[in-house]
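Working notes, structure below.
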Protein chains: 2
Amino acid sequence: MKKKSNGRGMQGSRRQEILRIGAGLFREKGFDATTIRDITAAVGIGSGSTFCHFRSKRDILDEVARHGMDLVLAEAEAVVRRALAPAEQLRTLIQRHMTLLHDPSSRDFVVVLLFEQRALSAAAKAQLAASMARYEALWEDCLRRLNLSQKGRADVPVHRLLFGALNWTAHWLRPVADPSPQVLADEVAGLLLNGIPG
Amino acid sequence: MKKKSNGRGMQGSRRQEILRIGAGLFREKGFDATTIRDITAAVGIGSGSTFCHFRSKRDILDEVARHGMDLVLAEAEAVVRRALAPAEQLRTLIQRHMTLLHDPSSRDFVVVLLFEQRALSAAAKAQLAASMARYEALWEDCLRRLNLSQKGRADVPVHRLLFGALNWTAHWLRPVADPSPQVLADEVAGLLLNGIPG
DNA sequence: CCTACCGATCGGTAGG
DNA sequence: CCTACCGATCGGTAGG
């Protein structure tokens, strides 16, 4: 039996390459503005060869986003398993989130996950919604233990405000001119934990 | 002399209609995924008629984003002119920003401005960058007077973190299930001004 | 994985 | 503002 180069769990180094390069282009230009020919030209294969590995262009996006979600969720679960003090846990969650959002090895997948949701297939959307709910629950627990998220007042989802502050950095944070993702992460954590430094 | 229906400063109710409906579709589906035919079908004209009013599809986007910027900047300038106490000024800036971001009469323009920057023409990008710098400066002044943004530590642009928290609400805030934009705005202002409510 | 190609759709134009 | 249409490009397929 010949080994299939298609399917999900295979070796597929070419497949990985298409995912990696596709993720980069999706992040830079957006899903709709990226063509199969953009991707295959960067990989160095004919445009038709894409479909030896993926059923459609959207399938590539789905998989890129799934991988982004896996990275982000696995990291948070690992942090929670360390059973740190709540304040240290929050600081670490913020740190890891910011790192995954900006490190070259992960940012393409995570940014696409966050900013290209609209283009995902319905199936991927549903699957990712469940994982995202789990991710949010981890943050909510952490914030609740710090009394930063209490059911009081108006049911404000503080963790989502925090996500916004962090995720938006993908739009403006520039490598040299701005503080590093890690420094910024610590400042955000400090702002939340110690309040405004008077 | 016949009056031209083209050009910028004209009456052009049809032109306005294309802008309004275009803005709505750009927000919902994104610029690339919206076709000229989507827009004209919703307006109720032939697809070719678009180009009596705009030179290109991108011109529509440019104008939509410009209008979004005008709304947001004019509102902030008006707030600053009222010369409120700094805390009240910040609260009002947040209120107005959230309203423009969620009110049906403005949100399409503002959300497109914020989330479709990538697709803008180079000229529009440059023009909007200048206006945005002005907008940011207003917020920075306000935050500085409250000692919420000090040049200390690591040059953290607090106003951009705040923008992220606010702008991200466009992705998750749902009319009925969640607090209203105004309630949320007040909570965010309270969180910043009074610190975490112990 | 390649070459050759197809049907559909897109932004935009022409001529009235 | 309409009708008719065009050239380009796109995602995807066929056959090897």
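Chain identifiers are assigned alphabetically (A, B, ...) following the order of the sequence lines, protein sequences preceding nucleic acid strands; residue numbering begins at 1 within each chain. Owing to the predicted nature of the structure, the values given are computational and were not obtained by experimental measurement.
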Problem - Backbone N/O of I36(B) and side chain of S47(B): donor-acceptor pair under 3.5 Å - result: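 Absent.
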
Practice task
For the pair T34(B) (side chain) and L25(B) (backbone), establish whether a donor and an acceptor sit closer than 3.5 Å, ignoring hydrogens and angles.
Solution key: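 Yes, because the side chain of T34(B) sits within donor-acceptor range (under 3.5 Å) of the backbone of L25(B).
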
If you check the [X] side chain, which of [options] turns out closest?
| X | options | value |
| --- | --- | --- |
| I36(B) | dG11(C), dG11(D), dC1(D) | dG11(C) |
| T35(B) | dC10(C), dG12(D), dC1(C) | dC10(C) |
| R14(A) | dG12(C), dC1(C), dG12(D) | dC1(C) |

Handout entry: Qualifying ring pair (Phe, Tyr, Trp, His ring centres under 6.0 Å) pairs, either residue in residues 56-91 of chain B, two or more places apart
Key =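 Residue pairs with at least one partner in residues 56-91 of chain B: H67(B)-F109(B).
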
Can you pull every protein N or O that's under 3.5 Å from an N or O on nucleotides 2-4 of chain C?
unit_1 : atom_1 : unit_2 : atom_2 : d
dC2(C) : OP2    : G46(A) : N      : 2.7
dC2(C) : OP2    : S49(A) : OG     : 2.7

Practice task
Decide if the gap between the ring center of F163(B) and the ring center of W139(B) is smaller than 6.0 angstrom.
Solution key: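 Here the rings of W139(B) and F163(B) have centres that are less than 6.0 Å from each other.
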
Only distances under 3.5 Å count here; give the side-chain donor-acceptor pairs of residues 112-122 of chain A to other protein atoms, sequence neighbours excluded, each with its distance to 0.1 Å.
unit_1  : atom_1 : unit_2  : atom_2 : d
E116(A) : OE1    : F31(A)  : N      : 3.4
E116(A) : OE2    : R118(B) : NH2    : 3.3
R118(A) : NH1    : R27(B)  : O      : 3.1
R118(A) : NH2    : E116(B) : OE2    : 3.3
S121(A) : OG     : D62(A)  : OD2    : 2.6
S121(A) : OG     : A124(A) : N      : 3.1

Find the distance [X]:[atom1] to [N]:[atom2] and express it as a whole number of Å.
| X | N | atom1 | atom2 | value |
| --- | --- | --- | --- | --- |
| D32(B) | dG11(C) | CG | C1' | 12 Å |
| F51(A) | dC10(D) | CZ | P | 12 Å |
| L61(A) | dG12(D) | CG | P | 12 Å |
| H53(A) | dG12(D) | NE2 | P | 15 Å |
| K57(B) | dG11(C) | NZ | C1' | 8 Å |

Exercise for the section: Give T40(B) one of three labels, base, sugar-phosphate or nothing, depending on what nucleic acid heavy atoms sit under 4.0 Å from its own. Expected result: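 No contact at all - T40(B) keeps every heavy atom at 4.0 Å or more from the nucleic acid.
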
Exercise for the section: Have a look at T50(A) and say if it touches a base, only the backbone sugar-phosphate, or nothing, with a 4.0 Å heavy-atom cut-off. Expected result: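 Counting heavy atoms under 4.0 Å across all strands, no contact is made by T50(A).
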
Exercise for the section: Mind checking side-chain hydrogen bond (donor to acceptor under 3.5 Å, both in side chains) for S49(A) and listing every partner two or more places apart, or none if nothing turns up? Expected result: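 By the side-chain hydrogen bond (donor to acceptor under 3.5 Å, both in side chains) rule, S49(A) matches no residue at all.
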
Problem - Dot-bracket encoding of pairs in DNA chain C, which uses [ ] for pseudoknotted crossings and | for another strand, Watson-Crick or G-U under 3.5 angstrom - result: ||||||||||||||||

Problem - Under 3.5 Å side-chain donor-acceptor pair for N167(A) and H171(B) - result: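 Their side chains do not contain a donor-acceptor pair, so the 3.5 Å distance test is not met.
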
Handout entry: D103(A) side chain to S106(A) side chain, donor-acceptor N/O pair below 3.5 angstrom
Key =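 There is no such pair between these side chains.
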
Exercise for the section: Return the set of residues passing side-chain contact (heavy atoms from CB on, under 4.5 Å) with E88(A) (not counting sequence neighbours), or none when no residue passes. Expected result: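 Here the qualifying residues are L84(A), R91(A), T92(A).
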
